[in-house]
Amino acid sequence: MKQEIKELILTALKRMQENEGFEVDIPSFIIEVPKLEGYGDFATNVAFLLTEKLKQPPRKIAELLVKYLPACDWVEKVEVAGPGFINFFLKPIAWQQIVKEIITKQDDYGKGKKKDIKVMVEFVSANPTGPLHIGHGRGAAVGDSLANVLAFAGYDVTREYYINDVGKQMCTLGHSVYLRYLELLGEKVDFPSDFYKGEYIKDLAREVLEKEGEKYKDMPQDEAISLLARFAGERILADIKADLDNFSVKFDNWFSEKTLVESGAVKTLLAWLKEQNLAYEKDGALWFASSHFGDEKDRVLVKADGTTTYFASDLAYHKDKIERGFNLLVDIWGADHHGYVPRLKAGMQAMGYAPDALKILLIQLVHLKRGGKPVAMSTRAGEFVTLKEVLAEVGKDAARFTFLTRSCDSHLDFDLEVAKQQTMENPVFYVQYAYARVCSIEKMAHERGIFFPPLIQIDLTPLETKEEINLMKMLSQFPEVIEGAARTLEPHRLPYYLTELAGEFHRYYNKHRILGMPPEISQARFALAQAVKVVIKNGLNLLGVSAPEKM
RNA sequence: GGGCGAUUAGCUCAGCAGGAUAGAGCGUUGGCCUCCGGAGCCAAAGGUCAGGGGUUCGAAUCCCCUAUCGCCCUCCA
C-alpha cells in the first residue's frame with residue numbers, strides 16, 4: 001500500500017517537473033503512517049525535502065504537488081496539513097483488497113521478491129567443550145529467526161555452525177576427562193583450576209570407564225588425552241545438536257575448523273599474508289598487521305610455540321565463506337567478543353574483501369533470574385543453568401519469544417517465573433491466544449452447521465467499522481515489517497508487530513460479533529478473521545514459535 | 001587509561017530511513033461475563049526521552065562533551 005502511494009507521488013513529481021519547468025532530482029522522501037487519525041492513513045514529507053532547491057515554502061510546494069496527483073479510485077481525499085505534510089485518506093476498499101490478497105497468498109503473504117543476495121548466517125558456534133547455556137540460547141533464537149526472516153524476505157540464506165574442534169581447548173577438554181577418569185580409578189589427581197570442571201566431565205569419564213574399561217590408564221598420557229578429547233568433543237557436539245533440535249533451531253551446515261586446518265587452508269592463507277607483507281615475525285611469533293586496517297594493534301596468528309591462534313583459523317574460515325560465493329556474511333556473537341570485530345574486519349580488508357560484506361551482530365548477555373532474584377551462574381565453577389534445563393522448565397515457545405522480544409544490544413533479564421506465567425508480561429500467550437480464538441470460531445461455526453462460501457468469493461465491502469479498518473491496516477503492514485527486519489537485521493521487530501496485531505484482533509473480537517450476524521456481515525468478518533490467522537501463523541513460524549489451535 | 005553497548009512512565013521494554021500532541025505491557029485505580037474462549041476488553045493516573053551543547057524548517061532518533069551501569073582490552077577460546 002505504501003508502495004502504491006509512493007508511485008502516485010512519483011508520478012505527480014514528474015508531471016510537476018514537466019509542467020512547471022523544475023529541474024530537480026527526486027528526493028528520497030518517506031511515506032509514513034501518521035500517529036494521529038486526523039492526519040489520514042499515510043503522510044509524506046516530500047515537500048520539505050524540496051524547499052531548499054525550489055526556494056519556496058514547503059506548504060506551497062505541497063499544494064502544487066497535490067494538483068498533479070493522478071486520480072485514483074481507492075483514495076478518498078488528499079490534504080495538505082501543518083507546515084507542509086501531504087496526508088492521504090484511503091477508502092475502505094483499499095484495505096479490503098489486503099484481506100483478499102492474504103487469503104489468496106496464504107503462507108506466501110509477506111514474502112519478499114527474490115533478491116540476488118547469497119547470505120550466510122553463522123550463529124551459536126559454541127565450542128564443543130560443554131553444554132549450551134542460556135546465553136547460547138539467545139544467540140540461537142536470534143540467529144535462527146533472523147535466517148528465517150531473511151529467507152522469507154527473498155534472500156538466499158545458508159545457516160552454518162562453526163565447530164572449533166581443534167586447538168588448545170580440545171586438548172584441555174581431553175585432559176579434563178582424563179583426570180576425572182583417573183580419579184574414578186582411585187588415583188589422587190590435582191585438578192587444575194582452568195580445566196573444565198562441570199559435572200558433565202565426570203559423566204563422560206564414567207561413561208568411558210564403563211564402556212572401555214581401564215585401558216586409557218595404561219597408554220601414554222598424550223595418546224589417552226587425544227583419544228578422550230575426540231570422544232568427548234563428539235559426544236558433547238551430539239548433545240548440542242540435540243538441544244538445538246529441541247529448540248527448533250536448524251542448520252544447513254556444520255563446518256569443522258579441523259577440516260580447514262587439515263586441508264592446509266590456514267597455512268596457505270598465512271603464507272599468502274607473509275608474501276603480501278601483511279604478516280611479519282616478531283618475538284618468535286607471526287603477527288597480522290591489523291593496525292594497517294583500523295584495528296588498534298597487530299594480532300598474533302602463530303604463537304611462539306608454533307600453534308596457530310583461533311583468529312588465524314577465523315580468517316581462513318571467512319575467506320572460505322566468500323569463496324563459496326556468499327556476498328553477505330552475518331556473524332552472530334556474544335557481546336563479550338566485541339573486541340574481535342575490528343580485527344576480523346581488518347582481515348576482510350586485507351584479503352581484499354569489502355569490510356561491509358561482513359555484518360557482526362553482538363548479542364548482549366542474558367541475566368537469568370527467578371522471581372526477580374538473580375540465579376547464580378558461574379562458568380568457572382562449572383555451575384550454570386543449561387539451555388536444556390531452561391527449556392524443560394519454561395518451554396520452547398516462551399523461551400524463544402522472550403529472547404526475540406528484545407533488541408540484540410539490550411541486556412536481557414530472563415526470569416524463569418515470568419516465562420512460565422501466562423500473562424501479558426509474557427506476550428507469547430497473548431499472540432497464540434489470538435490464533436486459537438480464530439480456530440475456535442471456525443470450530444464453533446462448524447458445530448453450528450454454519451456455511452461459508454470459499455473465502456475468496458466472499459464480498460468484503462461490509463468491512464468498514466473503525467475496528468475493521470484498523471485491523472486491516474495492521475495486516476497490510478506485515479510485508480513491510482518483514483522487509484524492515486531483514487534489512488536492519490533486527491528480528492525483534494516481528495514479535496512486537498505480532499503482539500500489536502493480536503491486540504487489535506482481541507479488541508475487535510470484544511466489540512463485534514463474527515458469528516450470528518446477517519450472512520453477508522458474518523461472512524466478511526469470518527474472512528477477516530481468517531486473514532488474521534494467516535498472518536499470525538506466518539509470523540510465529542518465522543519466530544520458531546508454535547501456533548496452537550487450542551490452548 | 002582506551003574501546004563497545006546501554007540510559008525513554010514506579011518496573012520490564014518498543015519507538016520501524018530525523019517528522020505533527022511520546023508508546024505498550026506489568027503494577028495502581030475504576031468499569032465490562034444473557035453474548036463466537038475473561039489467557040480477553042474499556043477507562044484513568046503516570047514522562048525535563050540521564051545531563052549539557054551542536055546540526056536544521058523539525059531531534060528520543062544524527063554529531064560532540066559529561067555522568068552512571070554492563071562487557072572487553074592475552075602469543076585465551
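Lettering of chains follows the sequences in order, A, B, ..., and the numbering in each one begins at 1. Note that the structure is a prediction, hence the values are computed from the model and not measured.
Counting atom types as modelled, A/Asn87 pairs a side-chain N or O with a base atom of B/A20 as donor and acceptor under 3.5 Å.
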If you restrict it to nitrogen or oxygen atoms, what contacts under 3.5 Å exist between nucleotides 26-34 of chain B and the protein, and what is each distance?
unit_1, atom_1, unit_2, atom_2, d
B/C26, O2', A/Glu425, OE1, 3.2

Heteroatom pairs (N/O) under 3.5 angstrom, protein to nucleotides 1-4 of chain B:
unit_1, atom_1, unit_2, atom_2, d
B/G3, N2, A/His338, NE2, 2.5

Check the interface with nucleotides 6-12 of chain B: list each N/O to N/O pair with the protein under 3.5 Å, or write none.
unit_1, atom_1, unit_2, atom_2, d
B/U12, O2', A/Arg406, NH2, 3.1

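A/Thr405 has no side-chain polar atom (N or O) that falls below the 4.0 Å cut-off from OP1 or OP2 of B/A14.
Annotation: of the two residues near RNA chain B, A/Glu490 and A/Phe48, the 5′-most nearest-nucleotide partner is A/Glu490. Along RNA chain B, the nucleotide closest to A/Phe85 and the one closest to A/Ser407 are compared, and the more 5′ of them pairs with A/Ser407.
Listed by chain and residue number, A/Arg59 satisfy the side-chain hydrogen bond (donor to acceptor under 3.5 Å, both in side chains) test with A/Glu63 (two or more places apart in sequence, or in another chain). For A/Phe452, the ring pair (Phe, Tyr, Trp, His ring centres under 6.0 Å) criterion is met by A/Phe526, not counting sequence neighbours. Scored by the ring pair (Phe, Tyr, Trp, His ring centres under 6.0 Å) test, A/Tyr310 finds no partners at all (sequence neighbours excluded). Considering only residues two or more places apart in sequence or on other chains, A/Tyr162 meets the ring pair (Phe, Tyr, Trp, His ring centres under 6.0 Å) condition with A/Tyr317. For A/His337, there are no side-chain hydrogen bond (donor to acceptor under 3.5 Å, both in side chains) partners, not counting sequence neighbours. Looking at residues two or more places apart in sequence or on another chain, you find a ring pair (Phe, Tyr, Trp, His ring centres under 6.0 Å) between A/Phe85 and A/Phe48.
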*Report the secondary structure of RNA chain B in dot-bracket form, marking unpaired bases with a dot and bases paired to a different strand with |, and treating Watson-Crick or G-U pairs with both distances under 3.5 Å as paired.*
(((((((..((((.....[...)))).(((((.......))))).....(((((..]....))))))))))))....

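Going from the P atom of B/C42 to that of B/G38 covers 14 Å, rounded to whole Å.
Among the heavy atoms of the strands, none lies under 4.0 Å from A/Leu301. The residue A/Asp336 sits close only to the backbone: its heavy atoms come under 4.0 Å of sugar-phosphate atoms, none of a base. Contact annotation for A/Met444: backbone-only contact, meaning every heavy-atom pair under 4.0 Å involves sugar-phosphate atoms and none involves a base.
Regarding A/His512, its NE2 atom lies at a distance of 17 Å from the P atom of B/C36, rounded to whole Å. Note: CZ (A/Arg59) to P (B/C57) measures 19 Å, nearest angstrom.
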*Going 5' to 3' along nucleotides 43-51 of chain B, which nucleotides have protein heavy atoms under 4.0 Å from the base (write B), which only from the sugar-phosphate (write S), and which from neither (write -)?*
---------

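The side chain of A/Tyr496 has B/A14 as its nearest neighbour among B/A20, B/U21, B/A14. Checking B/G19, B/C41, B/G37 against the side-chain heavy atoms of A/Asn45 singles out B/G19 as nearest.
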Side-chain donor/acceptor pairs under 3.5 Å, residues 496-505 of chain A, sequence neighbours excluded:
unit_1, atom_1, unit_2, atom_2, d
A/Tyr497, OH, A/Met474, O, 2.6
A/Thr499, OG1, A/Pro495, O, 2.7

